[in-house]
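These values consider heavy atoms only, across backbone and side chains, with no hydrogens, waters or symmetry-generated copies. Every number for a ligand or one of its atoms is a count from 1 in the order of the listing.
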Amino acid sequence: MPRNIIDLGELHDRIVVFGGPYSNLEATEALLKTVDDLGVPRSHVLCTGDMVAYCADPVEVLALLRSSGFGLLLKGNCEEALANNAKDCGCGFDEGSACHRLSKDWYSHAVQSLDDETKQWLAGLPDQAVFNFGGKRFSVVHGGARQNNAFIFETTPHSVKREEIELAGSDAVICGHSGLFFTEVFGEACWHNAGVIGMPANDGTPRVWYSVIDSIPEGIRFSHLPLAYDFKITQEKMRKAGLPEGYASALETGLWPSCDVLTDAEKQKCGVEAVPRQHIWKTV
Ligand SMILES: [Fe+2]
């Protein structure tokens, strides 16, 4: 299928990136407030997709994001599945895995909640975006440039990331999907995942994560930052809607109900408290 790629042109000074709102209205509202508190223009706020997933408010989250004026709302595999009336979320979970079983319940909630006009709007969202920032060319994809549900982690070999960056035709790739944030600078290339705001980072705390990217004199600075929000409200709505308890509990415990998608190396980090991080890509 041809990819729908949009060019955001030249972005300046500061960008905010976030992924995976996952139908979590309270986290999405908190992100919006943070963006405005930071004074970042809404045109410089980029979402890496999966707006609709585990939590209870797909309609409200989409309405908020559609009216936000954010520079990019990328199509995740969840949006693609909903737009195509697919039978599942398209995350690529193995049949019979815990993720696969759990996804059935939230996915049917989302399918039933969204009207045809919304699904058509989801279908028209971009699969990839490109922009210039700090003298570098960036591509934004959901999972990977080749496949929108590819799981690319910090521990994924550089050779895989280099191939993806080359395929994207950029100096750097920003992605989402895997739910875990990281930045890697290797040689002339850079890979960045801002993490997700709809679920914790599997680190044993309820915080969720976004990133701020600044153009600074020596290059480009990536800051991974936590976001706090009232997860009790989100939990209550999920339980009232009969959504999977595993995801409702995860909002508080900070631990995913299943780690099926993680590599062995990523599983080692399960429950290890994440800390804010900064990475500088020296480009000057
Ligand atoms: Fe995804």
**Q** Regarding D171 and R137, does a basic nitrogen lie under 4.0 Å from an acidic carboxylate oxygen?
**A** no
**Q** Report yes if some heavy atom in the side chain of H142 is under 4.5 Å from a heavy atom in the side chain of D50; otherwise report no.
**A** yes
**Q** Closer than 2.8 Å to the Fe ion (ligand 1), which protein N, O or S atoms?
**A** D50 OD2, N77 OD1, H142 NE2, H177 ND1
**Q** Got a salt bridge between E266 and K269, using NZ or NE/NH1/NH2 to carboxylate O under 4.0 Å?
**A** yes
**Q** Between E252 and R239, does at least one N-O distance fall below 4.0 Å, as a salt bridge requires?
**A** no
**Q** Using the ring of each side chain (for Trp, its six-membered ring), is F138 parallel, tilted or perpendicular to F131, with breaks at 30° and 60°?
**A** parallel
**Q** Can you tell me how far SG of C190 sits from CZ of F222, rounded to the nearest 0.5 angstrom?
**A** 3.5 Å
